[in-house]
J.: 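Would you mind keeping the following structure in view while I ask a few things?
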Amino acid sequence: LFHTYLYVPIYNLLVFFVSIVPGGDIGMAVICATLVVKFILLPLSLSAARTQKAMKDIEPTLKELREKYKDDKETQAKEMFALYKEKGIKPFSSIFSVFIQLPIIIALYWVFNTKSLPGIDPSLLYSFVHVPTVVSHMFLGLLNITGHSITLAVVAGLTQLVQAWYAIPVPPASAEVGVSPGEDFARAMTLQARYVLPVVIGFVAYSSGAIALYFVTSNIVALLQEFIVRQGRSKSVPALAKA
């Protein structure tokens, strides 16, 4: 299943873009393939971005509920989930959007780990995907995309750091009134996403320049999505106020 539905499609997608980008640049092909993947996952990504923004917007109301029901955790939880339902918020959608990318990252890593690229294996190609005449593993003629690249790894880690700080709000600390153990756990996960995940991404990205490019492109797209969602929300607030 992994080979048929992930490895082969991603391999074909990369080869297709290698055949059409100038100079058969594999790095440019990785960027183009990442954009296609992000477009496919766009509804899920936008949902996660809206959820994160909505969670930040309702934080004052959540704080009031924590203080109001600080001695009744069961009622507090019911009221909070009722608020989530009323606002159409799915708290775990952002986490799901991250995990759904893992098989894609593994498949991309496997494509380069098996040395299928820069060489081309015609037996893996679909009938409508042609063998490119030129294949270059030098991204923009500067970086070997099939090997280690400390430069791209650092950029991948930094873009992940910026994306996490910009998009992921930090839940309240356990010292605040009425904070439940579940929210305290969410805070710990958020802090790890802000501080630990960028380091992990940097180490993983160092394994392959192609993986690093995937993370860099994906993080930049995520930042753009978050910016668009915030712009849309900021424009809708005055309209609601007038109504």
Side-chain angles (χ1 to χ4, degrees), residues 1-42 44-45 97-163 197-225:
L1 290 175
F2 176 82
H3 183 271
T4 303
Y5 294 108
L6 281 172
Y7 179 87
V8 173
I10 288 178
Y11 182 77
N12 277 266
L13 187 63
L14 284 170
V15 172
F16 169 75
F17 280 117
V18 168
S19 66
I20 64 174
V21 298
D25 190 327
I26 296 178
M28 291 299 298
V30 169
I31 293 175
C32 292
T34 303
L35 293 176
V36 170
V37 171
K38 296 298 288 185
F39 179 78
I40 294 173
L41 298 177
L42 184 61
L44 184 62
S45 299
S97 66
V98 172
F99 279 104
I100 201 172
Q101 294 184 65
L102 289 179
I104 298 171
I105 297 171
I106 293 171
L108 184 62
Y109 174 81
W110 204 255
V111 166
F112 287 91
N113 191 50
T114 55
K115 305 301 181 182
S116 298
L117 288 172
I120 303 297
D121 185 353
S123 66
L124 295 176
L125 299 182
Y126 299 140
S127 59
F128 54 86
V129 178
H130 304 291
V131 177
T133 55
V134 180
V135 180
S136 174
H137 56 80
M138 298 300 294
F139 176 51
L140 301 178
L142 300 173
L143 299 171
N144 185 354
I145 204 64
T146 59
H148 303 297
S149 174
I150 186 65
T151 301
L152 289 176
V154 170
V155 174
L158 288 176
T159 53
Q160 178 62 46
L161 179 67
V162 173
Q163 192 272 333
L197 186 59
V199 177
V200 174
I201 293 298
F203 275 106
V204 174
Y206 182 67
S207 65
S208 168
I211 302 298
L213 266 183
Y214 173 85
F215 281 126
V216 171
T217 307
S218 181
N219 291 334
I220 292 175
V221 171
L223 280 168
L224 290 175
Q225 289 176 350

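Since the model is a prediction, treat every value here as computed from it, not as a measurement.
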J.: Report the C-alpha distance between Q160 and L197 in whole Å, list the side-chain angles of each, state the deciding distance to 0.1 Å, and finish with yes or no for side chain to side chain contact (heavy atoms under 4.5 Å, CB included).
T.: CA-CA 8 Å; Q160 178 62 46; L197 186 59; 3.5 Å; yes
J.: First locate atom CD1 of I20, then atom CE of M28, and finally report the distance between them rounded to the nearest 0.5 Å.
T.: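 With rounding to 0.5 Å, CD1 (I20) is 10.0 Å from CE (M28).
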J.: Got a sec, which pairs hit side chain to side chain donor-acceptor pair (under 3.5 Å) with one end in residues 13-32, sequence neighbours left out?
T.: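 Non-adjacent pairs meeting side chain to side chain donor-acceptor pair (under 3.5 Å): zero.
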J.: Could you check whether atom CZ of F2 has more than 12 heavy atoms from other residues, nucleotides or ligands sitting under 6.0 Å from it?
T.: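 Buried by this count: over 12 neighbours within 6.0 Å.
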J.: To check you understand the geometry: which heavy-atom pair defines the closest contact between F139 and G27, and what is its length?
T.: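 Smallest interatomic distance, heavy atoms only, reads CD1-CA, 3.6 Å.
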J.: Quick one, V162 and N219 - any side-chain contact, counting heavy atoms below 4.5 Å?
T.: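 The answer is no, as the side chains (C-beta and beyond) never meet within the 4.5 Å cut-off.
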J.: Going by side chain to side chain donor-acceptor pair (under 3.5 Å), name the pairs with one or both residues in residues 30-40, residues two or more places apart or in two chains.
T.: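 Checked against side chain to side chain donor-acceptor pair (under 3.5 Å) - neighbours excluded - the pairs reaching residues 30-40 are K38-S218.
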J.: For residues 200-214, dump all side-chain donor-acceptor pairs below 3.5 Å to protein atoms at least two apart in sequence or in another chain.
T.:
unit_1: S207; atom_1: OG; unit_2: V204; atom_2: O; d: 2.5
unit_1: S208; atom_1: OG; unit_2: A210; atom_2: N; d: 3.2
unit_1: Y214; atom_1: OH; unit_2: Q101; atom_2: OE1; d: 3.0

J.: Locate the shortest heavy-atom distance separating I120 from V15; write the atom from each residue and the value.
T.: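 Heavy atoms only, the tightest pair is CD1-CG2, 4.0 Å.
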J.: Between the main-chain N or O of D121 and the side-chain N or O of Y11, is there a donor-acceptor pair closer than 3.5 Å?
T.: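 Side chain of Y11 to backbone of D121, a donor-acceptor pair under 3.5 Å: yes, one is there.
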J.: Would I145 and L152 satisfy side chain to side chain contact (heavy atoms under 4.5 Å, CB included), going step by step from the backbone distance to the final call?
T.: CA-CA 9 Å; I145 204 64; L152 289 176; 4.1 Å; yes
J.: If the test is side-chain contact (heavy atoms from CB on, under 4.5 Å), which one of N12, L124, I106 qualifies with Y7?
T.: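 Considering N12, L124, I106, a side-chain contact (heavy atoms from CB on, under 4.5 Å) with Y7 is found only for L124.
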J.: A side-chain contact here means heavy atoms from C-beta on lying under 4.5 Å apart; do Q163 and I220 qualify?
T.: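 They are not in contact (no side-chain heavy atoms under 4.5 Å apart), so the answer is no.
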J.: Using the side chain to side chain contact (heavy atoms under 4.5 Å, CB included) rule, take L14 and I26 through it: C-alpha gap first, then chi angles, then the decisive distance, then the call.
T.: CA-CA 8 Å; L14 284 170; I26 296 178; 5.7 Å; no
J.: Rounded to the nearest 0.5 Å, how far does CG of L125 lie from CZ of F16?
T.: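 The CZ atom of F16 sits 12.5 Å away from the CG atom of L125.
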J.: Heavy-atom distance under 4.5 Å between the side chains of F17 and V36, does that happen here?
T.: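 Yes, at least one pair of side-chain atoms sits under 4.5 Å.
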J.: If you count every heavy atom of other residues, nucleotides or ligands that lies below 6.0 Å from Y126 atom OH, does the total exceed 12?
T.: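 Result for OH/Y126: enclosed.
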J.: Can you see which heavy atom on P9 is nearest to which on H3, and at what distance?
T.: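 The answer is CD-O, 4.2 Å.
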